[in-house]
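Worksheet: the structure to be examined is printed underneath.
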2 protein chains.
Amino acid sequence: MSSRIIIFDDNQERLNSVAMLLNLSDDFTCSGTFHNANNLVADITNSKPELVLMDIDMPGVDGIEATKLVRKHFDALPVIIQTNFEEDERIFGSLRAGANGYLLKKTSPERFLESLREALDGGAPMTGSIAVKVLQHFSTQTQTKNNYNLTEREKHILSFLVKGYSYKLIAAECGITYNTVNNHIRNIYDKLYVNSATEAVSLAIKQRLV
Amino acid sequence: MSSRIIIFDDNQERLNSVAMLLNLSDDFTCSGTFHNANNLVADITNSKPELVLMDIDMPGVDGIEATKLVRKHFDALPVIIQTNFEEDERIFGSLRAGANGYLLKKTSPERFLESLREALDGGAPMTGSIAVKVLQHFSTQTQTKNNYNLTEREKHILSFLVKGYSYKLIAAECGITYNTVNNHIRNIYDKLYVNSATEAVSLAIKQRLV
DNA sequence: AATGATATAGCAAATATTTGTCATACAAAT
DNA sequence: ATTTGTATGACAAATATTTGCTATATCATT
């Protein structure tokens with residue numbers, strides 16, 4: 001019993017070679033090849049795949065949009081993105097779109113087939129260099145994480161600001177007066193080098209101060 | 001020429017077995033084992049490893065704090081986190097701390113050694129289930145991403161709010177009057193179901209509306 | 001003992017935001 | 001032709017935020 005795979009790729013040569021690779025394998029069958037994702041929902045409905053291989057560069061509906069559509073209409077259907085390039089924008093765009101894996105086209109046939117098995121098994125296959133970028137995405141956020149020397153009280157009040165609480169409400173929540181809240185907020189602004197609540201909230205969220 | 005690896009783990013048995021596994025391999029040497037990370041900087045300085053294996057549960061300085069220390073003092077030294085559990089908090093904590101990989105202890109010896117090679121090679125080895133969590137971290141953000149039917153103008157003005165601009169400044173930037181800005185902002189608030197700039201900014205950033 | 005950081009509190013004023021209400025104009029859709 | 005959505009603009013009043021001062025008390029450090 002082999003798993004049904006379909007491929008979206010605007011490159012005919014690539015489409016043929018991947019389909020052939022799949023059909024030569026024991027455990028996969030290529031049950032559809034498409035040059036674009038303009039009729040994606042109908043194409044998937046008709047071909048009933050167990051996994052979708054998606055090229056990222058396609059005319060019309062691109063691979064990222066197409067992945068979003070798959071997520072929307074076929075919730076559990078795994079999508080593996082394939083591309084020649086490793087641009088951050090596209091990688092993170094694809095991941096946000098809900099892709100289950102991200103492979104460079106230069107991946108070896110063995111590793112490629114192994115990745116499909118992994119994805120069908122509920123895994124998230126990624127080319128090594130992609131995994132590195134993903135991890136860096138996390139750590140770079142901490143790199144810039146200065147604490148600005150906010151006191152506990154200030155952090156607490158900042159967190160209320162982020163929730164959209166008014167001075168009055170913060171005062172009530174903290175059991176201090178409106179005036180004291182006002183003072184703490186000034187001090188927060190001084191330390192963060194901002195001069196409005198919106199700036200403080202923006203910075204707090206982006207730099208993970210809360 | 002085998003690569004020098006050191007291990008931090010409070011479990012003596014585990015420490016021994018991993019060290020033995022490394023020493024039995026052709027390409028690795030265990031050049032240090034430590035029960036805790038309390039003297040991490042000195043330990044690393046003395047043992048000069050090419051890669052660090054870090055247990056996450058340790059008394060005193062835990063694996064996440066220890067990883068931050070490595071990042072701070074030995075910028076390029078790869079750290080692989082090892083743990084028995086897959087709790088989101090710890091996974092993302094480790095990744096934010098700057099870990100280069102994240103392996104479950106139940107990983108097979110073959111896969112384990114292969115992962116070390118990958119890490120030394122600049123890669124980011126992850127157990128499959130961890131990779132899934134990492135990808136889900138991205139996509140869940142998009143799941144809740146409703147667009148709230150904001151118009152282009154509204155999105156544009158919302159982005160200025162996020163930058164902390166005042167009504168006046170937004171009016172000047174957009175070439176419209178203060179009153180019109182006011183109107184757009186009311187409409188934004190209506191659509192986002194909020195009633196203050198801070199709430200709008202908070203929601204906009206968290207749900208990636210800008 | 002003096003200093004500095006923190007948390008608290010108050011008053012006043014200048015600004016800014018928020019809400020209510022109304023109105024015009026254009027384009028797209030019914 | 002009429003409705004709907006969008007962008008624009010205005011006026012006024014009620015609130016809220018921001019800034020400039022001052023002040024006290026506690027705690028830890030020098």
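This one's a predicted model, so the numbers in the text were calculated from it and none came from an experiment. Below, chains carry the letters A, B, ... as their sequence lines are ordered, and counting in each starts from 1.
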TODO: Give me the one residue out of A:Q82, A:R14, A:K105 that meets side chain to side chain donor-acceptor pair (under 3.5 Å) with A:D55.
DONE: A:K105
- [ ] Can you tell me the distance, in whole Å, between the CG atom of B:N149 and the C1' atom of D:dT4?
- [x] 14 Å
Open item on the list: When you measure from the side chain of B:N100 to the backbone of B:G122, do you find a donor-acceptor pair of N or O atoms at a distance under 3.5 Å?
Closed with: no
TODO: Output, in order, the C-alpha distance, side-chain angles, deciding distance and verdict of side chain to side chain contact (heavy atoms under 4.5 Å, CB included) for A:L103 and A:L53.
DONE: CA-CA 10 Å; A:L103 301 175; A:L53 279 169; 5.6 Å; no
Task: Interatomic distance where CD belongs to B:E154 and P belongs to D:dT6 [whole Å] - done: 7 Å
Task: Distance in angstrom units between A:N187 CG and C:dT6 P, rounded - done: 9 Å
Open item on the list: What's A:K155 touching, base or sugar-phosphate or nothing? Going by heavy atoms closer than 4.0 Å.
Closed with: nothing
Task: Protein-to-nucleotide contact annotation, 5' to 3' order, nucleotides 12-30 of chain C [B base; S sugar-phosphate only; - none; under 4.0 Å, heavy atom] - done: ----SBBBBB---------
- [ ] Provide, to the nearest angstrom, the distance between the CD1 atom belonging to A:I188 and the P atom belonging to C:dT6.
- [x] 12 Å
- [ ] Write down the distance between NE2 (B:H156) and C1' (D:dA7), rounded to a whole number of angstrom.
- [x] 14 Å
TODO: Measure from CG on B:D190 to P on D:dG5 and round the result to the nearest Å.
DONE: 13 Å
Task: Interatomic distance, B:H184 NE2 vs D:dT6 C1' [rounded to whole Å] - done: 8 Å
Task: From OH (B:Y102) to CD1 (B:I91), nearest 0.5 Å - done: 5.0 Å
- [ ] Look at B:T151 and D:dA7 and indicate whether a side-chain polar atom (N or O) is within less than 4.0 Å of OP1 or OP2.
- [x] yes
Task: Distance (rounded to the nearest 0.5 Å) between A:Y193 OH and A:I188 CD1 - done: 15.0 Å
Open item on the list: Strictly below 4.0 Å: does A:T180 bring a side-chain N or O up to OP1 or OP2 of C:dA7?
Closed with: no
Open item on the list: Taking A:Y189's backbone N and O only, do any of them form a donor-acceptor pair with A:N195's side chain (distance below 3.5 Å, no angle check)?
Closed with: no
- [ ] Identify which one of A:Q207, A:K155, A:E154 satisfies the side chain to side chain donor-acceptor pair (under 3.5 Å) criterion when paired with A:Y148.
- [x] A:Q207
Task: Exam field: side chain A:R71 to backbone A:G98, donor-acceptor pair closer than 3.5 Å - done: yes
Task: Angle between terminal axes - the helix from C:dA1-D:dT30 to C:dT30-D:dA1, 5 pairs each end, rounded to 10° - done: 40°
Open item on the list: Would the distance check show the side chain of A:D121 and the main-chain N or O of A:R117 forming a donor-acceptor pair, the cut-off being under 3.5 Å?
Closed with: no
Task: Rounded distance in Å - CD (A:E152) to P (C:dT8) - done: 13 Å
